[in-house]
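Numbers here are sequence positions counted from 1.
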Amino acid sequence: MAPCAWPPGRVLDLTRLLPGPLAGKFLADLGFPVLKVEPPRGDPLRDWAPEAYRFLNGKKEILTLDLKRGEDRERFLALVPEAAILLEANRPGVMERLGLGPEVLLGINPHLVYARLRGYPDAPDPGHDLTYLAEAGLLGRFPWRSFQFADLAGAYALALTALKGLLLGGGVYEVALSEAVKAMAYPPIPFLDGSALCYGIYPTREGEVALAALEPHFWARFCEESGLRELLPSAFDPARPGLPPYERLLAFFQGRTAQEWEAWAKEKGIPLRAVRG
């Protein structure tokens, strides 16, 4: 494929809250100029979580338009000819009722990638991260109170779909959050839940460390460098109180602080880091 000018144009981001703006951030990180178009009342996330709003939108230019008003609608339409990608996450039919649906915008710019984020592929039902995880049977696997996995999956899917649209020369593309999270829901992998000695969180003299010596050569290096050669055959032994290998490892990590262990691990080439946050 021949090289092309980069970026190929501006992104018009009409989304609010989390998944759409996160997709816009991904595109901004790739070098796209992103213009975030907000209604007069703004993005609710700006008031609910200002730090998150800045994280998602700090690289974007913000333009306030009331797309229900003819004058502002015309101002928006004037932006379309030079745009490469449009991101929107309105309920089905909203953009069409505003006179800004795909047929209208692609009539102005046939090479525009119109990337639409919706909740479900075949229904107008409302939803959010929590309901998509619940329907997919994933609430038990993900810490939904602290991280929005369905929204993250949808954001990645929307950004990738927009890039696919550029390769195909424009058009209309849809991503459903309910399906995006299912696509990322790989079956659980044994031993990555902290149940094995070689992969888990350990308290230190001050703080905690995360040890991830999953591969045999990393576990062997850890045992050699730590002087715990007797644990070489115990990598996948249960990390359970009362069992000698686990108790030996607990005692070992009490010898230094988490930061000191991290410095030691970096020097020795061992996958171990201090737990932060």
Side-chain angles (χ1 to χ4, degrees), residues 18-19 21-22 25-26 28-31 45 48-59 129-130 133 138-153 155-156 159 181 184-277:
L18 178 53
L22 183 56
K25 179 187 183 301
F26 292 152
D29 290 342
L30 289 175
L45 196 67
W48 297 348
E51 188 174 351
Y53 177 84
R54 288 192 295 271
F55 173 84
L56 294 169
N57 303 300
K59 292 183 178 180
D129 183 87
L130 182 61
L133 289 174
L138 297 172
L139 282 179
R141 286 187 59 191
F142 296 126
W144 59 270
R145 291 178 176 84
S146 57
F147 202 82
Q148 287 66 53
F149 281 89
D151 285 351
L152 175 63
Y156 269 112
V181 71
M184 292 184 68
Y186 53 85
I189 299 175
F191 311 119
L192 298 187
D193 58 358
S195 62
L197 209 64
C198 63
Y199 197 92
I201 306 296
Y202 291 92
T204 71
R205 185 189 300 167
E206 181 182 319
E208 296 176 314
V209 292
L211 173 65
L214 191 65
E215 297 90 342
H217 63 284
F218 281 132
W219 179 250
R221 183 180 302 169
F222 170 75
C223 291
E224 290 291 333
E225 296 294 346
S226 64
L228 299 174
R229 295 176 184 83
E230 72 274 17
L231 295 184
L232 272 171
S234 303
F236 293 98
D237 282 12
R240 191 180 306 150
L243 296 181
Y246 181 64
E247 296 295 336
R248 181 72 182 90
L249 206 49
L250 287 177
F252 169 76
F253 280 120
Q254 287 300 310
R256 302 185 189 184
T257 68
Q259 295 296 333
E260 290 169 343
W261 281 125
E262 179 175 301
W264 171 82
K266 288 181 177 180
E267 178 186 343
K268 305 297 185 182
I270 293 168
L272 178 150
R273 288 294 185 270
V275 176
R276 294 168 171 81

> Side-chain contact, heavy-atom cut-off 4.5 Å: R276 with Q259?
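Yes, their side chains come closer than 4.5 Å.
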> Rounded to the nearest 0.5 Å, how far apart are CG of L22 and OH of Y156?
7.5 Å
> Would you call the rings of W261 and F253 parallel, tilted or perpendicular, where under 30° means parallel and over 60° means perpendicular?
perpendicular
> Nearest 0.5 Å, what's the CZ-CG distance between R145 and L139?
9.0 Å
> Looking at F236, I want to see if its CZ is surrounded by more than 12 non-hydrogen atoms of other residues, nucleotides or ligands under 6.0 Å.
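Check passes, neighbour count above 12.
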> Restricting to non-hydrogen atoms, name the atom on Y202 and the atom on A196 that form the minimum distance, rounded to 0.1 Å.
OH-O, 4.3 Å
> Closer than 3.5 angstrom, by distance alone: can the side chain of E247 be matched with the main-chain N or O of G242 as a donor-acceptor pair?
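Flag set: sc E247 to bb G242 pair under 3.5 Å.
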> Using a 4.5 Å cut-off on heavy atoms from C-beta on, say whether the side chain of L232 contacts that of E224.
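SC-SC contact between E224 and L232 confirmed.
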> For F222 and W264, take the angle between the two ring planes, folded into 0 to 90°, and tell me which bin it lands in: parallel under 30, tilted 30 to 60, perpendicular over 60.
perpendicular
> Within this structure, what is the CG-CG distance for the pair L243 and L249, rounded to the nearest 0.5 Å?
12.5 Å
> For the side chain to side chain contact (heavy atoms under 4.5 Å, CB included) test, which of L211, V209, V275 pairs with I201?
V275
> Could you report the tightest heavy-atom contact between A28 and K59, atom names first, then the distance?
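Closest approach of A28 to K59, heavy atoms only: CB-CB, 4.2 Å.
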> Taking all atoms of both residues into account, what is the closest heavy-atom pair of Q148 and D129, and its distance?
C-OD1, 3.1 Å
> What verdict does the side chain to side chain contact (heavy atoms under 4.5 Å, CB included) test give for L138 and V181, after you've listed the backbone C-alpha separation in whole Å, the side-chain angles of each residue and the deciding distance to 0.1 Å?
CA-CA 9 Å; L138 297 172; V181 71; 3.9 Å; yes
> Can you check whether L133 reaches F142 side chain to side chain, under 4.5 Å on heavy atoms?
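Yes, their side chains come closer than 4.5 Å.
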> To the nearest 0.5 Å, how far apart are CZ in R54 and CG in L56?
11.0 Å
> Nearest heavy-atom pair of E206 and T204: which atoms, and what distance?
O-OG1, 2.8 Å
> Carefully, step by step, assess L231 and W219 under the rule side chain to side chain contact (heavy atoms under 4.5 Å, CB included).
CA-CA 9 Å; L231 295 184; W219 179 250; 4.0 Å; yes
> Working note: L197 + Y246, criterion side chain to side chain contact (heavy atoms under 4.5 Å, CB included); need CA distance, chi angles, decisive distance, verdict.
CA-CA 7 Å; L197 209 64; Y246 181 64; 3.9 Å; yes
> What pair of heavy atoms forms the shortest contact from E208 to P203, and how long is it?
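Closest pair (atom of E208, atom of P203, distance): CG-CA, 4.1 Å.
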> Grab the two heavy atoms, one from A155 and one from P19, that are nearest each other, plus how far apart they are.
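Heavy atoms only, the tightest pair is CB-O, 3.3 Å.
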> Are the side chains of L45 and P21 in contact, using a 4.5 Å heavy-atom criterion?
no
> Before giving the answer on side chain to side chain contact (heavy atoms under 4.5 Å, CB included), spell out for L228 and E230 the whole-Å C-alpha distance, their side-chain angles and the decisive distance to 0.1 Å.
CA-CA 5 Å; L228 299 174; E230 72 274 17; 3.8 Å; yes
> Hey, could you give me the CD/CZ distance between E262 and R273, rounded to the nearest 0.5 Å?
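Rounded to the nearest 0.5 Å, the CD-CZ separation comes to 5.0 Å.
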> Does NZ or CZ of R141 fall inside the cone over F147's six-membered ring, less than 6.0 Å from its centre and within 45° of the axis?
no
